[in-house]
Amino acid sequence: MIPLYRPGRSVVHRAPAGLKLVVLAISALLLSLIPQTAASIAVVLLLVCALYLVAGFRVRVIGTELWRIRWLVVVLGAALAVFFSPLVAWVSTGRVIALLLLASLLTLTTRMAALLETLHRVLRPMRRLGVDADAVAMTLSLTITMIPVVAGFADHVRDAQRARGVRLGVRAAVPLLVRALRHADDVSDALVARGLG
């Protein structure tokens with residue numbers, strides 16, 4: 001598994017994974033209820049950034065996280081500004097940024113094993129309804145870890161095409177898809193070899 005977790009001794013790091021998941025869920029609900037004013041979203045974003053500082057991360061980490069979601073922010077903000085208004089674009093995009101930063105803070109300060117154990121504990125009572133908690137936890141674990149893997153594949157494909165002087169375009173999706181499918185086959189073979197397939 002590719003670790004997203006960054007070790008630390010802050011209050012945020014020491015908080016239980018279940019509590020952090022509950023806070024994330026409540027924050028998502030509260031973000032949808034806050035007034036639609038430019039100032040309220042600015043305050044929310046400042047509070048989220050302050051949480052990063054409380055967790056012991058530098059401003060550079062916030063910048064890195066924002067850089068990762070830059071295209072989502074640009075596309076969403078531009079579409080909302082064109083079809084609605086700049087205020088709606090700022091408010092809605094700010095909500096999405098705040099929620100994504102909070103989710104990122106959760107993964108940066110919580111070990112994947114703790115998150116999966118919490119999820120497993122929550123799903124355990126649903127076994128009576130036929131829900132396989134182990135399968136759900138493993139599926140989520142594989143999904144989360146595949147995101148940086150596919151991002152790495154995309155970087156390699158882009159670098160290889162630039163080195164060959166090939167213009168980037170839709171064709172870049174083909175080698176990326178091939179690498180992702182090969183990786184999926186390898187993961188599948190590994191799971192079957194361990195009796196999990």
Side-chain angles (χ1 to χ4, degrees), residues 1-34 41 43-70 72-73 76 92-153 180 183-184 186-188 190-191 194-197:
M1 289 178 62
I2 294 178
L4 303 174
Y5 173 75
R6 295 190 183 189
R9 297 183 180 184
S10 70
V11 176
V12 182
H13 281 85
R14 292 195 308 265
L19 175 63
K20 288 190 244 187
L21 285 169
V22 168
V23 168
L24 180 63
I26 292 172
S27 299
L29 179 63
L30 292 177
L31 277 171
S32 65
L33 299 176
I34 61 171
I41 293 300
V43 168
V44 166
L45 289 171
L46 286 174
L47 289 173
V48 171
C49 291
L51 278 175
Y52 273 78
L53 299 177
V54 169
F57 296 121
R58 296 181 179 173
V59 176
R60 184 171 49 96
V61 174
I62 302 171
T64 301
E65 296 306 315
L66 287 172
W67 183 253
R68 287 181 183 169
I69 60 171
R70 66 190 181 278
L72 174 66
V73 171
L76 179 63
S92 298
T93 307
R95 284 177 177 162
V96 170
I97 292 170
L99 193 55
L100 290 175
L101 285 177
L102 285 172
S104 181
L105 183 62
L106 172 72
T107 59
L108 289 170
T109 60
T110 313
R111 294 184 189 278
M112 186 63 64
L115 282 173
L116 293 176
E117 177 57 34
T118 301
L119 179 66
H120 193 268
R121 204 176 318 122
V122 169
L123 291 173
R124 202 174 295 147
M126 298 182 74
R127 283 185 177 168
R128 297 180 191 132
L129 302 174
V131 175
D132 186 352
D134 296 327
V136 172
M138 175 159 300
T139 301
L140 282 174
S141 169
L142 289 172
T143 302
I144 291 169
T145 55
M146 275 300 291
I147 294 168
V149 169
V150 173
F153 290 163
H183 182 73
D186 291 343
V187 170
S188 174
L191 290 173
R194 289 165 177 79
L196 299 172

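The model shown is predicted, which means the values in this text are computed figures rather than measured ones.
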Exercise. How far apart are the C-alpha atoms of Val59 and Leu53, what are their side-chain angles, what is the distance that settles it, and do they pass the side chain to side chain contact (heavy atoms under 4.5 Å, CB included) test?
Worked result: CA-CA 7 Å; Val59 176; Leu53 299 177; 4.3 Å; yes
For this session: Begin from the C-alpha positions of Val73 and Val96 and carry the test side chain to side chain contact (heavy atoms under 4.5 Å, CB included) through to its verdict.
Result: CA-CA 8 Å; Val73 171; Val96 170; over 6 Å; no
For this session: Report the C-alpha separation of Leu105 and Leu24 in whole Å, then their side-chain angles, then the decisive distance to 0.1 Å, and conclude whether the side chain to side chain contact (heavy atoms under 4.5 Å, CB included) test is met.
Result: CA-CA 10 Å; Leu105 183 62; Leu24 180 63; over 6 Å; no
For this session: Go through the steps for Leu100 and Leu72 under the test side chain to side chain contact (heavy atoms under 4.5 Å, CB included), then give the verdict.
Result: CA-CA 11 Å; Leu100 290 175; Leu72 174 66; 3.4 Å; yes
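Here CZ of Arg95 is found 11.0 Å from CG of Leu30. Values are rounded to the nearest 0.5 Å. Atoms CD1 and CD1, from Ile41 and Ile34 in turn, are 3.5 Å apart once rounded to the nearest 0.5 Å. Atoms OG and CD1, on Ser104 and Ile97 in that order, are 13.0 Å from each other to the nearest 0.5 Å. The distance from the CG atom of Leu108 to the OH atom of Tyr52 is 5.5 Å, given to the nearest 0.5 Å.
A donor-acceptor distance shorter than 3.5 angstrom exists from the side chain of Lys20 to the backbone of Val12, with no hydrogens or angles considered. A donor-acceptor distance shorter than 3.5 angstrom exists from the side chain of Ser27 to the backbone of Val23, with no hydrogens or angles considered.
With a 4.5 Å cut-off on side-chain heavy atoms, Leu99 and Val48 do not count as touching. No side-chain heavy atom of Phe57 sits less than 4.5 Å from a side-chain heavy atom of Ser10.
The existence of a salt bridge linking Glu117 and Arg124 is confirmed by a sub-4.0 Å separation between a basic side-chain nitrogen and an acidic carboxylate oxygen.
Between Ala114 and Ala17 the shortest heavy-atom distance is O-CB, 3.8 Å. Of all the heavy atoms in Thr110 and Leu115, the pair that sits closest is CG2-CG, 3.7 Å. In terms of heavy atoms, Thr109 sits closest to Ala55 at CG2-CB, 4.1 Å.
The number of heavy-atom neighbours closer than 6.0 Å to CZ of Arg70, taken from other residues, nucleotides and ligands shown, is above 12.
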